[in-house]
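Here the structure is a predicted model, which is why all the values come from computation and not from measurement.
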Amino acid sequence: MLKRGMMSRLLNHTPGLWELSIPCFWIFVCLSFGIGMICFPAVVFQAARRGLQTWWEIVLPSLLPFFIVSELLMNLGFVALLGTFLEPAMRPLFNLPGSGGFILAVSYLSGFPLCAILTARLRKANLCTKDEGERLLSFTSNASPLFMLGAISVGMYQNPALGPLVAMIHYLSNFLCGIILKFFSLSCDHFPGPKKPKEPLVVYAMRALQKASRLKEQSFGALLGETIRNTSITLLTIGGFITLFSVLVGILQAVGLFAVIIKSLNPLAETLNFDPSYFKALLLGFFEITIGINEVSKINGPLLHQLMIIEAILAWNGLAIQAQVAGMIIGSDLRIFTYILTRFLQVFLAVMTTYILTFLPLSEIFALPVFQRNWVSAWHPFVWTIVISIALILL
């Protein structure tokens with residue numbers, strides 16, 4: 001009887017085919033990645049160096065100040081204060097609590113994956129429901145304005161006037177995603193957000209600030225030290241993601257997988273009368289947006305086609321950014337599924353919005369400098385970052 005009972009328990013706990021296939025798949029991926037590193041050490045070294053250089057020269061200086069200030073504002077209770085005032089605007093537009101307005105504003109001033117971190121913090125603080133957090137995460141994943149206004153327009157295209165258009169389409173398509181997601185939101189009767197207070201709004205906001213502030217628990221110096229420690233760990237994690245995917249793209253290129261895929265798509269390109277180089281750019285952008293957009297800038301084709309590919313790559317975010325977003329929400333109950341679906345929606349909206357611009361005289365617009373004086377031109381990316389951000393926040 002004892003042996004029969006043991007056999008019965010073993011049979012009941014025998015893993016199924018699906019339970020075995022998932023770990024076996026990832027074991028195969030990791031082994032293939034390791035073999036690729038052994039076979040192409042020079043490629044791996046150069047790719048890792050390029051990824052670390054991108055993190056050190058672009059990501060770290062652009063995100064570090066925003067990370068520190070944003071987390072400090074959350075710990076000091078500013079988000080709860082702002083959420084009280086923004087509730088009347090956020091509910092009709094996105095069916096989200098007012099505290100999400102702070103993250104929406106940050107998404108226009110900074111870049112991914114900062115908003116994923118802030119959304120996870122918002123959910124852990126119980127300032128939004130799970131459904132609200134997943135929708136907020138989905139349409140606040142914007143590219144950095146400095147990346148679009150500086151790296152793309154100035155660095156890759158040497159045309160500062162191109163930056164505002166790229167940023168406008170990207171922000172507008174993501175904004176439209178948020179409005180569309182509102183109609184798929186769950187009923188918020190169980191979590192309607194702050195009720196209309198009987199006392200004056202300013203007094204109610206101050207009470208929310210006092211309740212959310214952590215200064216009553218520890219000093220500002222202790223909060224600052226904790227914030228810097230958490231920010232450093234987060235930025236190191238982001239650097240690891242960037243380096244990993246840079247190496248992955250380098251190995252896939254060295255193996256020749258990209259060349260095989262592009263060659264197989266050549267008949268489709270001929271049928272659509274499409275430059276095959278765009279497929280290579282899309283394939284690279286599927287993994288990492290900087291590499292993909294840089295490849296687009298090298299193509300000698302119509303500006304409209306290049307803009308459509310650039311906006312599609314920015315809307316997709318790239319697997320490197322998607323992995324960062326997934327890593328940043330670990331520890332909360334937020335899922336990545338809605339975020340991934342929204343990327344497909346934004347790709348469609350961004351491409352369609354860009355296509356509508358065919359009715360505008362693009363060649364005349366981009367042939368003229370936005371500012372005539374040299375000293376203003378030098379500040380061009382910064383000026384347009386502030387102008388676009390303020391306009392969208394006021395809207």
- Query: More than 12 non-hydrogen atoms from neighbouring residues, nucleotides or ligands closer than 6.0 Å to CZ on Phe344, yes or no?
  - Reply: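 Not more than 12 within 6.0 Å, no.
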
- Query: Does the pair Tyr339 and Ile329 meet the rule for a side-chain contact (heavy atoms from CB on, under 4.5 Å), with working shown?
  - Reply: CA-CA 12 Å; Tyr339 165 80; Ile329 62 175; over 6 Å; no

Which atom names give the shortest non-hydrogen contact between [X] and [Y], and what distance separates them?
{"X": "Gly100", "Y": "Met90", "result": "C-CE, 3.7 Å"}
{"X": "Gln218", "Y": "Ala222", "result": "NE2-CB, 3.4 Å"}
{"X": "Gly51", "Y": "Ile242", "result": "O-CG2, 3.5 Å"}
{"X": "Ser138", "Y": "Thr342", "result": "CB-OG1, 3.3 Å"}
{"X": "Asp333", "Y": "Lys130", "result": "O-CE, 3.0 Å"}
{"X": "Ile313", "Y": "Ile289", "result": "O-CG2, 3.5 Å"}

Hydrophobic cluster membership, with links at side-chain heavy-atom distances under 4.5 Å among I/L/V/M/F/W/Y: are [X] and [Y] in one?
{"X": "Ile35", "Y": "Val43", "result": "no"}
{"X": "Leu172", "Y": "Met352", "result": "yes"}
{"X": "Ile179", "Y": "Ile169", "result": "yes"}
{"X": "Ile238", "Y": "Leu52", "result": "no"}
{"X": "Leu282", "Y": "Trp316", "result": "yes"}

Looking at [Y], is its backbone amide N or carbonyl O close enough to the side chain of [X] to form a donor-acceptor pair, meaning the two atoms are under 3.5 Å apart?
{"X": "Lys182", "Y": "Leu96", "result": "no"}
{"X": "Arg123", "Y": "Cys128", "result": "yes"}
{"X": "Ser246", "Y": "Ala47", "result": "yes"}
{"X": "Ser297", "Y": "Asn294", "result": "yes"}
{"X": "Ser107", "Y": "Leu104", "result": "yes"}

Flag side-chain contact, heavy atom, 4.5 Å: [X] against [Y]:
{"X": "Ile310", "Y": "Thr354", "result": "no"}
{"X": "His305", "Y": "Ile299", "result": "no"}
{"X": "Phe175", "Y": "Phe94", "result": "yes"}
{"X": "Arg135", "Y": "Thr119", "result": "no"}
{"X": "Thr237", "Y": "Met328", "result": "yes"}
{"X": "Glu311", "Y": "Thr353", "result": "no"}
{"X": "Leu136", "Y": "Phe139", "result": "yes"}
{"X": "Ile321", "Y": "Phe245", "result": "no"}

Measuring from atom [atom1] of [X] to atom [atom2] of [Y], what distance do you get when rounded to the nearest 0.5 angstrom?
{"X": "Tyr171", "Y": "Met148", "atom1": "OH", "atom2": "CE", "result": "3.5 Å"}
{"X": "Ile336", "Y": "Gln322", "atom1": "CD1", "atom2": "CD", "result": "7.5 Å"}
{"X": "Arg50", "Y": "Gln46", "atom1": "CZ", "atom2": "CD", "result": "8.0 Å"}
{"X": "Phe25", "Y": "Cys30", "atom1": "CZ", "atom2": "SG", "result": "9.5 Å"}
{"X": "Asn159", "Y": "Leu165", "atom1": "CG", "atom2": "CG", "result": "10.0 Å"}
{"X": "Phe33", "Y": "Leu252", "atom1": "CZ", "atom2": "CG", "result": "9.0 Å"}

- Task: Dump the intermediate steps for side-chain contact (heavy atoms from CB on, under 4.5 Å) on Leu236 and Trp55, then the final yes or no.
- Result: CA-CA 9 Å; Leu236 284 173; Trp55 173 76; 4.1 Å; yes

- Report the C-alpha separation of Phe241 and Val325 in whole Å, then their side-chain angles, then the decisive distance to 0.1 Å, and conclude whether the side-chain contact (heavy atoms from CB on, under 4.5 Å) test is met. CA-CA 10 Å; Phe241 276 112; Val325 171; over 6 Å; no

Residues 254-264 side chain polar contacts: donor-acceptor under 3.5 Å, at least two apart:
unit_1, atom_1, unit_2, atom_2, d
Ser264, OG, Val260, O, 3.4
Ser264, OG, Ile261, O, 2.6

- Task: Using only heavy-atom distances, determine whether the side chains of Gln346 and Arg343 contain a donor-acceptor pair under 3.5 Å.
- Result: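 Present: a donor and an acceptor within the cut-off.
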
- Query: Does the ring centre of Phe279 sit less than 6.0 Å away from the ring centre of Phe286?
  - Reply: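 No; Phe279 has its ring centre 6.0 Å or more from that of Phe286.
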
- Task: Please report the C-alpha distance between Thr290 and Met156 in whole Å, then the side-chain angles of each, then the deciding distance to 0.1 Å, and finally whether the side-chain contact (heavy atoms from CB on, under 4.5 Å) criterion is met.
- Result: CA-CA 10 Å; Thr290 307; Met156 298 179 188; 4.2 Å; yes

- Query: How would you list, by chain and number, every residue that makes a salt bridge (Lys or Arg N to Asp or Glu O under 4.0 Å) with Arg335, sequence neighbours excluded?
  - Reply: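 Applying salt bridge (Lys or Arg N to Asp or Glu O under 4.0 Å) to Arg335 gives Glu134.
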
